[in-house]
Colleague: 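Okay, here's the structure, questions in a sec.
Counting convention: from 1, in listed order, for ligands and their atoms alike. Only heavy atoms go into these numbers, but all of them, side chains included; no hydrogens, no water, no symmetry mates.
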Amino acid sequence: MPEWLEKWLRPDLLHLQPYSSARSEYKGSAHIFLDANENPFEHHGLNRYPDPLQWALKQRIAAWRRVAPEQIFLGNGSDEAIDLLIRLCCRPGTDHIVVLPPTYGMYEVCAHISGVAVVHVPLQADFQINVEAVLATVIPQSKLLFVCSPNNPSGNAFSLAEVEALVQGFPGLVVVDEAYVDFSAQPSALSLLLRYNNLAVLQTFSKAWGLAGIRLGMAFAQPELITWLNKIKPPYNISQLTQEAALKALQRLVQYQDEVRLILQEREQLANALAQLPVVERVFPSDANFLLVRVTDPYSLYNWLVSQGIIVRNRTNVLLCEGCLRITVGTPAENRQLLQALANYR
Ligand code: PMP
């Protein structure tokens, strides 16, 4: 194992004997499979276990994202990659992760479930990163830094230069969560993988691809790190149905691009229309498919929308988000109804 990697992994995992699945124990071709205790009768092509390393799908994603297939880990949502990265790198009771609130809640939840502490370095009032403050908190137990860009719930993306400064300065692994990158004007941090080892970039099929239901997330990193994620993952974490659905989706790249374009147009229009409403104090700039909106009376406005059958996310109790609702960009018809409901609020 390369030296750079060894210092980020939990030392007690270094001697792990991973589970070896039935199909990975032979080489060559075969046509009778009596090794995995499956039912031999065909059921819609689903009676066999799926490829545990999802090579066909990784080839397609690699071509699309211009990385090597060995640089890709696939998880049951990017949530699984978040959980596995924490378990791979952080010793319970000893190490910690660093998060930049307000941000996506699962980093902290996964850390707590694993008995790993969380150090908070809040964003500034304009939702920008205080890079100096982040780097000043670092101690040898700071194993992971989670940077969500575009950030949920604020919606803004961080500049690549700022992300790079963090990757350069942080001695552990920087995880850049790009769940919303497809909606952003900022470039992806994937290009930094050419120059840095201490980086993992997370993306997902749940947002722009419209496939939240299949649960498929991606982590991009150096092949040596990916190998370790594969060692600790559940053997068949991506179902056959999910692999097939994602392969099909990757054949309709144009539809994906069209939908992203439409969502961006709608985001623009929705932001402008919201800003005209008397109940709206501020619409924050967004690089994602949602808008953070500061309103006069978040609780009663939220309840009013619920009474109209419209659910948004009330973020008023979240740091720096006082008075804010987070509103996902819907279809043109849904956005019209939302605006109408807000206009009718008294
Ligand atoms: N990261 C961010 C920033 C998110 O907002 C979400 C989902 N809300 C996720 C990750 C999880 O995505 P997935 O569906 O791929 O698990």
Side-chain angles (χ1 to χ4, degrees), residues 54 57-58 61 64-65 72-87 97-111 113 118 120 123 127 129 144-158 163 166 173-184 186 188-190 199-221 229 233-234 237-239 241-243 245-246 249-250 256 260 263 267 284 286-292 311-315 318-321 324-330:
Q54 312 98 19
L57 180 52
K58 283 178 182 170
I61 294 172
W64 167 55
R65 282 310 199 205
I72 305 172
F73 167 83
L74 296 179
N76 185 354
S78 36
D79 282 341
E80 185 176 37
I82 293 167
D83 178 47
L84 291 178
L85 281 163
I86 292 174
R87 286 199 274 156
I97 66 165
V98 181
V99 300
L100 314 176
T103 194
Y104 182 47
M106 280 304 282
Y107 316 135
E108 179 148 5
V109 172
C110 289
I113 292 170
V118 180
H120 301 88
L123 296 177
F127 297 124
I129 301 175
L144 293 178
L145 165 63
F146 282 91
V147 180
C148 186
S149 182
N151 187 41
N152 178 7
S154 56
N156 59 306
F158 305 114
V163 173
L166 290 168
L173 192 67
V174 178
V175 184
V176 183
D177 183 345
E178 295 189 337
Y180 300 98
V181 73
D182 316 66
F183 305 107
S184 175
Q186 289 292 331
S188 163
L190 276 181
L199 174 66
V201 178
L202 307 183
Q203 296 185 0
T204 181
F205 279 79
S206 297
K207 310 294 177 186
W209 282 99
L211 291 172
I214 70 171
R215 309 303 300 127
L216 186 64
M218 299 160 271
F220 302 92
L229 288 172
K233 78 181 181 72
N237 61 328
I238 308 296
S239 78
L241 292 170
T242 295
Q243 294 187 41
L250 285 160
Y256 145 86
V260 168
I263 290 168
R267 180 180 81 192
F284 288 89
S286 172
D287 291 291
N289 67 335
F290 57 83
L291 293 165
L292 189 71
I311 314 298
V312 298
R313 194 98 147 109
N314 186 355
R315 298 281 81 184
V318 172
L319 183 76
L320 302 179
C321 298
C324 289
L325 303 178
R326 193 195 69 194
I327 303 175
T328 308
V329 178

Colleague: Of the non-hydrogen atoms in Ala179 and Lys207, which two are nearest, and what is the gap between them?
Modeller: O-CG, 3.4 Å
Colleague: Between Tyr180 and Phe183, how do the two ring planes meet: parallel, tilted or perpendicular, split at 30° and 60°?
Modeller: tilted
Colleague: What pair of heavy atoms forms the shortest contact from Ile86 to Ala111, and how long is it?
Modeller: CD1-N, 3.8 Å
Colleague: Tell me whether ligand 1 is touched by Tyr180 - counting only heavy atoms on the residue side and a distance under 4.0 Å.
Modeller: yes
Colleague: Below 4.0 Å from any atom of ligand 1, is there a heavy atom belonging to Glu80?
Modeller: no
Colleague: Quick one: sort the Phe146 and Tyr107 rings into parallel, tilted or perpendicular, breaks at 30° and 60°.
Modeller: parallel
Colleague: What residue and heavy atom of the protein are closest to atom 16 (O) of ligand 1, and at what distance?
Modeller: Arg215 NH2, 2.8 Å
Colleague: Measuring from Asn151:CG to Thr103:OG1, what's the distance to the nearest 0.5 Å?
Modeller: 4.0 Å
Colleague: What is the closest protein heavy atom to atom 6 (C) of ligand 1, and at what distance does it sit?
Modeller: Tyr104 CZ, 3.4 Å
Colleague: Just which atoms of ligand 1 are under 4.0 Å from any heavy atom in Cys148?
Modeller: 3 (C)
Colleague: Is it the case that ligand 1 has an N or O less than 3.5 angstrom from some N or O of Ser206?
Modeller: yes
Colleague: Taking only non-hydrogen atoms of Ala212, do any sit less than 4.0 angstrom from ligand 1?
Modeller: no
Colleague: Using heavy-atom distances, let me know which of Asp177, Asn76, Leu202, Thr103 sits nearest atom 1 (N) of ligand 1.
Modeller: Asp177
Colleague: Hey, what do you get for CG (Asp177) to CE (Met106), rounding to the nearest 0.5 Å?
Modeller: 11.5 Å
Colleague: Begin with the C-alpha distance, continue with both residues' side-chain angles, and end with the deciding distance and a verdict on side-chain hydrogen bond (donor to acceptor under 3.5 Å, both in side chains) for Asn237 and Glu80.
Modeller: CA-CA 9 Å; Asn237 61 328; Glu80 185 176 37; 3.0 Å; yes
Colleague: Could you see which bit of Asp79 sits under 4.0 Å from ligand 1, with heavy atoms only: side chain, backbone, both or neither?
Modeller: both
Colleague: Determine, considering heavy atoms only, which of Gly105, Ala81, Ser78, Gly75 sits nearest to atom 12 (O) of ligand 1.
Modeller: Ser78
Colleague: How far is atom 8 (N) of ligand 1 from the closest protein heavy atom, and which atom is that?
Modeller: Lys207 NZ, 3.1 Å
Colleague: Between Pro101 and Leu319, what is the shortest heavy-atom contact and its length?
Modeller: O-CD2, 3.9 Å
Colleague: Examine the proximity of ligand 1 to Met106 and report which part, side chain or backbone, both or neither, has a heavy atom under 4.0 Å away.
Modeller: neither
